Amino acid sequence: MSESVETPASQPSKADLIKQIKSRLDSVIPQFDILRPQEFCNDEAYLDGLSTDNIEFIAKVSALEPVVLHAGLLSQRSEKELMKSVRTKSAADLELSLILGSLAIKTMHKEDPNRGIIVSMFGRALRWKWQLNNKENAKQLDDAIYYFQKTVEIEPEDEANRALHFDDLGCALWERYTRKHDNDDFQSSKEAFENAVNIPHSGKPMFLSNLGKLYKDKALFSPNEKDELLKKSITVHLEAINCVASGFLGSIRSLHRNLAVSYLELHPVEDVGTELDTAVEEGVITSGQAWMFRYELAAMLTDRFRKSGLQAEADMSISLLRKALPEATDQVIVKSALADVLEQKGLSIGSPDMVAEALEFSQQALNVLSEYNADFFRVSLNTGILLARQYLHTGDAEYIEKAVTVTRRALASPFIGHHKWKFEQILGIQLGYRYQATENASDLDEGITLLKGTIDTAVTGLTSFDRGTSLNHYGRSLHERYKLSRKPQDLDLAIESLKASIVEFGPEESSITDVYNDLGNTSSSLFETTGKVEDIHEVVEYYKKALSSAEKFPLMVRSKPMYYFGLGNAFFSRFQTWDQAADLNQSIVFYEEAVKNTHPGDMRQFSRVGSLCWTLLHRCRVTNDRKSLVAAQKTLQETLEGPPIPNAQHISFLQNILGMSYLIEYDRSDNDVSFFDKAAECFYAAAHSGSTIAKEIYPPTINLLKTSIGKYSKTRNPVDFAKVVEQFGKLQQIVLLENASIREMHGLTNILADLAVQIYDIQNIPQFGMVALRIFTVVAAEQAAFPEIRLFAFMQCSRLAYELTQSADVARRCLVKALEILPEAILIGPNRSDQLRSAKRLSVLPRFLLSFSIAAGDNPADTLVLYEQSRSILWNRLIDSKTDLSRLREVDGELAKKFEQIRINLSRASSQAVVTGTSIDDRVKHHVLNNEYRETLRLIRATKGFERFLLLDEAKDLIPHAANGPIIILNSTKYRGDALIVTPEGVINVPLPHFIQDTAIEKSVQVILASRQAGINPQRAFTMFQEVMIWLWDVVASPIFEKLGFLGRKSDDDLLPRVWWVSSTWFAHLPIHAAGDHAKAMQTGEACTVMDRVVSSYIPTLRALDFVRQSASKFAASKTGSGSVLLVKMPTTPDDVDLPGASQEIESVAESLNPNLDIKVLNRPKRQEVVSALQKASMAHIACHGTAEQDDPSLSKIKFQDWKTNPFDVRFLLRNSAFKNLELVYLSACETAVSQTSMDESIHLSSAFQMVGIPYIIASAWKIEDSVSNQLARDFYTALTASAEGETLDCIESARALHSAMHKARKSGVNVLFWGALIHSGA
């Protein structure tokens, strides 16, 4: 017989359990009619959302016997779930609490002694639900009040907690009153509190305090009864603090805090000052805890002060706390509070003493605490922050060291727990500050790691403020690391973090102002990298937002100087980039605001004063405004004298700037070397200030050496030279010993090399030259170096190699390498001034290249190709922009289209940045466009048949350029003089051994002086000029013509040959066409002058000649009928001397022309009238004033009626080049054929007209006597008309016509100084 197997009973399902519960509860007859229909457990589906565990619990309770136990068990579990929801803000736990609580009420027995507690707990759960839902659902509060009312109705009169239940009811009614302002709620709440007070209970002080708060809120809504109700409130509060018994379990401080709230409502600080109301003071003294009231009142005033900035509130807070301190039983919290308010007030009024006192109190509080004390971490945090604050104010590194020590001590505590993230955040911030003091990169890296950790770690309760703070300082530290490493990812992440910080803080948090400032700083660094106009605009906007935001937060007003300083920096960056005086002036305005608003004790005043003075010195340089120089010196001297006394770093910074001011003063003096001594004294003080920061001591060390060299170059005193050698040795030691990777070392070797070569040049000591050569060789080979720096290094290597080793081949090879980066080195400049400065600095390169190539034995034709590649970079770019692309379009249409678009953009950004100075946006695009241009050019030259695209012809193709006559390139260096001549037979070299640089420059200066003396001492001027012309014939012209076989006319019918002269820099001032002994020629008939041998024209480069000849050929091919002639006269000119001869000259010209020509005369026109007329004319003769600008030749101009507001200068001309019919321009205006600068680029009005496509230009190098000018013009047009076939003038003959006019002038006795001023340029 088989055995039967017993199986265990299966567990009931959740659905079965719910049925059991409902079945059992349905059998329960409620003994209290409290729960309303369809609510909570009276809802059919009330159990559906509960978990199985909770269902099982309810099922077990419902099955227990006796039934009277059910309510108590359910209520206890309900209370447990409520507490859990309060801790975690869990809505699910709260819903479970409400279901359990409602079940407890439903099963509650009539005689249950805890029935009041059960209903009250349910009411509290409902009130928490209202609070958890942001107090928005009024019904939830109404429900809570209903159950609180039921509690006091059903509970026994002797219930021990009855007073607490009345208090619950009073609080709920009070909350509803504050929202609906229903007086019935006020009365009911008042009665509930009074009932609670009248029941003996240890919580009586709390009940009275709540009643006092009710009166206070009633007062706020009852303006007519406000004072009476507030007095009642204060009376009740005083009663509350004076009835505290030993059994009171509540917070005594909260009782005093509530009294303080009502007190401030009745007694505003601005009305009563710092003294307490007598009755209140007596009342709090009676309580035995007067210090506590003073402390709580002070804490409230401090909080108000943070928002309002009302100093009276801070003053009363400080007064209360000082009185509270002697009697306080808790010294720590009072001292901490004193530290807090003293810090806030000290910062608001810029009082370092008050901030220092705050630190003292905070340290006192910390010194009595152990890590076991609950206040230890709070006080440690505040002390660390104050120590860091004191470092920022004083610059004393000892403070930041102490701050780090305090914070690390707290972090090391085993009890730190949830405080850890906050201290890691503060330590990260402090390490960033310590990096500023020590420049120890490991501090910066550790700080960044800590701050990143606080951002990434999910910290419970981390507020938006805390997260925003971490993001702010994380971004700030990343920016510091970027300045050290120059890694773009650090800068990008810094900006990203700061922007995220803005979002976290939101517009209503005062810390957002500092974040805007930090964004301004980081965006400034971004602008330095990109040069984009939108980036610098964003920088300015961030600082403006910081200023605007500071106005919203009174305590942030103290930071306004920092934001003004940021704006000053931003506009100074704009000035440095775009060279706009308006930006410089605006930066000065903002720096002045920063200095003016900086508290005298704030150590940041030194950097602000220094920056202001630096910009004032720049304004002096730009405008020659001596007032700015004097103001800067006075301010620097006063600031250095104090108070406050500057620290070592500040002394170094300010003394260096003061030294620079004396160097500027020397530049404006008559070689007064005493300014060198003053400058040296400042630089020495700066270098020996005691600072250990490299960026502070290197600049004055370098400047001291430069000053010593400058003085020695003037005195040649052995003592001064000894100082030079001493300083040079110190600088060389720095370069050899310091770590070359640190940021301050960048460029230091370049400076050392510059200084070494200066000493070599002055003293001719080969050892210094060799030091310079070694360093420049390293710099030139550095691919990552800035192009202009590399190019300059190549040039120095070249000439030092030639001078020290006599190797012309090595010298030439250096310069050939330099050619690869020459265009980039000049054109990389973001503005016209930078590019012109670079072109001037590098102008010696073409001359050196030609000299060294010839000396090395190179073929003259190959030498000429290299020479042309090295010259007139700016003009060549303009020529490039006009090249015909039709053949390229046939081969590669897309490439041609791309190049044309870039070329169009460059015509706006590049040529205008170089010479025309248009909008900031166009000039900023220039840097990026140059890179695109070079890459596209590389692609075109890689295309078959376009290998020489935009390049000068190869050597074999140069010959055709000389088809109409030789092209003579004059070159002079301190090593040799040469003439490269392109002839129909080839390129030849004619050595000119006496055409040496120093002599040539001396003769050029003599020409300039003679031209200026002509109207003062004509005879002296004539003699000076004639000496130069004879020298120029003997040294230059005669050897050339002997080589060419140009010996003059054999008969009067012979036509003299044409020649084109190419010269540059200072030598362009030598009028080679006028060279010779004219007196001898006239007396003997000997052809001993240039004009007796050739007809001369001038051209900047062979490419320029090719360009204007293409233009001339187009005119020759399109000649039809008579031309139109524009004649412009300016007999009077605003703010310039009259030119009475201008009208006579125009009349003479008109009479000399064929009467059938269409002649238009403009008298005293404005610029636009001239432009409109030029667009229609085929020839133009302009008689007016002209000026050549030395600093910026693109500003060289001819003056019309509105010249002051609308100048007709080089840059304007290049922007308005639509003169399609214009073939010849005669500029009877002085200084229109010469550039008053030593650079290789021939930038003047004559060359500018050529660059816009006009093939024939006649212009004047200097002023000509009116009668001579009249005669020359008349004879020129007479000769030109005589050479014409028919009515149309043939401008091809313009060079011969001018030659004829000058020949006639010479024959009539006009001195060569006058007729030699006229120059023919072009085809």
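From a predicted model like this one, the values you see are computed outputs, not experimental measurements.
Inter-residue side-chain proximity for Leu342 and Val355 is flagged as unmet; no heavy-atom pair is nearer than 4.5 Å. For the pair Ser317/Arg304, no side-chain contact is recorded, criterion being any heavy-atom separation below 4.5 Å from C-beta on.
Listed by chain and residue number, Glu551 satisfy the salt bridge (Lys or Arg N to Asp or Glu O under 4.0 Å) test with Lys560 (two or more places apart in sequence, or in another chain). Not counting sequence neighbours, the partners of Asp445 by the salt bridge (Lys or Arg N to Asp or Glu O under 4.0 Å) test are Arg481. For Ala494, the side chain to side chain contact (heavy atoms under 4.5 Å, CB included) partners two or more places apart in sequence, or in a different chain, are Leu478, His479, Thr522. With sequence neighbours excluded, no residue satisfies side-chain hydrogen bond (donor to acceptor under 3.5 Å, both in side chains) with Asp353. Evaluation of the salt bridge (Lys or Arg N to Asp or Glu O under 4.0 Å) rule for Arg668 yields no partner, not counting sequence neighbours.
The pair Glu541-Lys545 does not count as a salt bridge, with every side-chain nitrogen at least 4.0 angstrom from each carboxylate oxygen. Electrostatic pairing of Glu357 and Arg322 counts as a salt bridge here, judged by a charged N lying under 4.0 Å from a carboxylate O. Salt-bridge annotation for Arg626 and Glu665: present, with a side-chain N of the basic residue lying under 4.0 Å from a carboxylate O of the acidic one. The pair Arg408-Glu446 counts as a salt bridge, with a side-chain nitrogen and a carboxylate oxygen less than 4.0 angstrom apart. The residues Arg476 and Glu480 are annotated as not salt-bridged, no charged nitrogen and carboxylate oxygen being separated by less than 4.0 angstrom.
Among the candidates Ser308, Ser559, Ser511, Ser510, the single residue satisfying the side chain to side chain contact (heavy atoms under 4.5 Å, CB included) test with Phe553 is Ser510.
A ring-ring contact (aromatic ring centres under 6.0 Å, His included) check over residues 334-367, counting only residues at least two apart or in different chains, returns nothing.
Ring centroids of Phe565 and Phe590 are separated by 6.0 Å or more, keeping the two rings apart. For Tyr666 and Phe676, the distance between ring centers is under 6.0 angstrom.
A donor-acceptor pair under 3.5 Å is formed between the side chain of Ser587 and the backbone N or O of Leu584. Not one N or O on the side chain of Asn656 forms a donor-acceptor pair closer than 3.5 Å with the backbone of Ser652.
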Legend entry - Stepwise salt bridge (Lys or Arg N to Asp or Glu O under 4.0 Å) check, Asp340 with Arg306: CA-CA 11 Å; Asp340 184 22; Arg306 283 193 182 93; 2.3 Å; yes
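Judged purely by distance below 3.5 Å, without hydrogens or angles, the side chains of Gln655 and Glu681 never pair a donor atom with an acceptor atom.
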